[in-house]
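A note on names: the letters A, B, ... follow the listed sequences, proteins ahead of strands, and every chain is numbered from 1. Keep in mind that what you see is a predicted model, and the values were worked out from it rather than measured.
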Amino acid sequence: MAPDLLGLVLEHETADGLVAVTLSEVEAYAGSIDPASHSFRGRTGRNAVMFGPPGHAYVYFTYGMHFCANVVCSPPGVATGILLRAGRVVVGEELARGRRRFDSVRSPRDLARGPARLCQAMAINRSQDGEDLLDPASKLRLRGAVGDERAAEPAQIEAGPRVGVSQAADIPWRFWLAGDPTVSPYRRAVPRRRTSKTSVAPPVPE
DNA sequence: CCTGTGATTTTCT
DNA sequence: GAAAATCACAGGC
């Protein structure tokens, strides 16, 4: 399932050219049984694609500035998604570098190291939401369909807790290629403090 | 290496 | 209104 995506190639063809990455890190989200999944509380306008057929892209916007991409991985009516967390750029490195907002990208390995970085490097946004990744005619597509010859040997795959989720944080549904430098560093979710402006806590008289 | 924190806006309660 | 499947940066080890 989720680990089968590791080693596959994701391509995005735009007017600027082609960027392709080899997937090195993914995370599974299990719909109605997973409190961390966007589809846990049912269908909404945002997550509608997850309830559709498998092999399509579910792209969402978060934290006020980032996009993240998933592959729908269940039959219509069941909403599971696999978050594409990281990859290694194998085609279009210069193009990918130019798309990154910050010029602090020091090495090629950082170009798509992290789900929002991956989308930035590949110019993925809400307009790719719902695109059929298994159709070779799509601009955004996966090369080597799931179920084809194994892309990565099972021995190369490691698993661990998911990154940045506040619910069900300890379920090991994150998978990556062992030793691959493009795998993102693990960070546990930290409880967000309110943005300093509207401080809710009045001074306690003492 | 690790930890904490500000940025910024869509989405849902 | 508040949270959010994140990132970049600063600072300590």
Can you tell me how far [atom2] of [N] sits from [atom1] of [X], to the nearest Å?
X         : N       : atom1 : atom2 : value
Arg117(A) : dC9(C)  : CZ    : C1'   : 12 Å
Arg113(A) : dA8(C)  : CZ    : P     : 11 Å
Gln167(A) : dT13(B) : CD    : C1'   : 14 Å
Arg85(A)  : dA5(C)  : CZ    : P     : 11 Å

| task | Any side-chain hydrogen bond (donor to acceptor under 3.5 Å, both in side chains) involving residues 64-76 of chain A? Give me the pairs, sequence neighbours left out, ordered by first then second residue. | result |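 For residues 64-76 of chain A: Ser74(A)-Thr80(A).
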
Report the stems of DNA chain B as range-with-range entries sorted by first number; a stem here is at least three consecutive pairs, Watson-Crick or G-U wobble, both distances under 3.5 Å, and write none if there are none.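 In DNA chain B, stems of three or more pairs: B:1-7 with C:6-12, B:9-12 with C:1-4.
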
- request: Kindly write out the residues that satisfy ring pair (Phe, Tyr, Trp, His ring centres under 6.0 Å) with Tyr63(A), not counting sequence neighbours, or none if the list is empty.
  value: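 With neighbours one apart ignored, the set is empty.
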
Distances under 3.5 Å between nitrogen or oxygen atoms of protein and nucleotides 10-13 of chain C:
none

Partners meeting salt bridge (Lys or Arg N to Asp or Glu O under 4.0 Å) with [X] (sequence neighbours left out):
X         : value
Arg117(A) : none
Asp34(A)  : Arg162(A)
Arg109(A) : none
Asp180(A) : none

Can you tell which of dC7(C), dT5(B), dA5(C) lies closest to the side chain of His38(A)?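 So the nucleotide nearest the side chain must be dA5(C).
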
Fill in: Minimum-distance nucleotide to Arg41(A) side chain [options: dT6(C), dA5(C), dT13(B)]
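Closest nucleotide to the Arg41(A) side chain: dT13(B).
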
Of all of residues 177-188 of chain A, which get a heavy atom below 4.0 angstrom from DNA chain B, listed by number?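 Residues of residues 177-188 of chain A that come under 4.0 Å of DNA chain B are, in numerical order, Arg187(A).
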
**Request:** Return the stacking result for dA5(C) and Tyr29(A): yes when the ring centres lie under 5.5 Å apart and the planes under 30°, no otherwise.
**Result:**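 One would call Tyr29(A) stacked on the dA5(C) base.
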
Distances under 3.5 Å between protein N/O atoms and the N/O atoms of nucleotides 9-11 of chain B, please, pair by pair.
unit_1, atom_1, unit_2, atom_2, d
dT9(B), O4', Gly64(A), O, 3.3

query = Listed by chain and number, what are the side chain to side chain donor-acceptor pair (under 3.5 Å) partners of Gln167(A), not counting sequence neighbours?
reply =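 Scan of Gln167(A) (side chain to side chain donor-acceptor pair (under 3.5 Å), adjacent residues dropped) gives none.
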
Side-chain donor-acceptor contacts of residues 81-89 of chain A below 3.5 Å, not counting sequence neighbours, with atom names and distances?
unit_1, atom_1, unit_2, atom_2, d
Arg85(A), NE, Glu25(A), OE2, 3.1
Arg85(A), NH2, Ser184(A), OG, 3.2

Margin query: When you measure from the side-chain N and O atoms of His66(A) to the phosphate of dC7(C), is any distance below 4.0 Å, counting only OP1 and OP2?
Written below: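 For dC7(C), OP1/OP2 do not have a side-chain N/O of His66(A) under 4.0 Å.
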
Would you say Met50(A) and His38(A) make side-chain contact, with heavy atoms under 4.5 Å?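 Result yes, sub-4.5 Å side-chain heavy-atom pair found.
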
(request) For residues Pro76(A) and Phe51(A), determine if any side-chain heavy atom of one lies less than 4.5 Å from a side-chain heavy atom of the other. (result)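 The answer is no, as the side chains (C-beta and beyond) never meet within the 4.5 Å cut-off.
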
Pair Leu140(A)-Glu11(A), side-chain contact (heavy atoms from CB on, under 4.5 Å): steps then yes or no | CA-CA 6 Å; Leu140(A) 181 65; Glu11(A) 298 179 325; over 6 Å; no

CZ of Arg41(A): more than 12 outside heavy atoms within 6.0 angstrom?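 Not buried by this count: 12 neighbours or fewer within 6.0 Å.
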
Contact class for Ala36(A) vs. all strands (heavy atom < 4.0 Å): base, sugar-phosphate, or nothing?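 Base: the residue Ala36(A), judged by heavy atoms under 4.0 Å, touches a nucleobase.
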
Review point. Quick one: CZ on Arg99(A) to OG1 on Thr14(A), what's the gap to the nearest 0.5 Å?
Key: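 Here the rounded value is 4.5 Å.
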
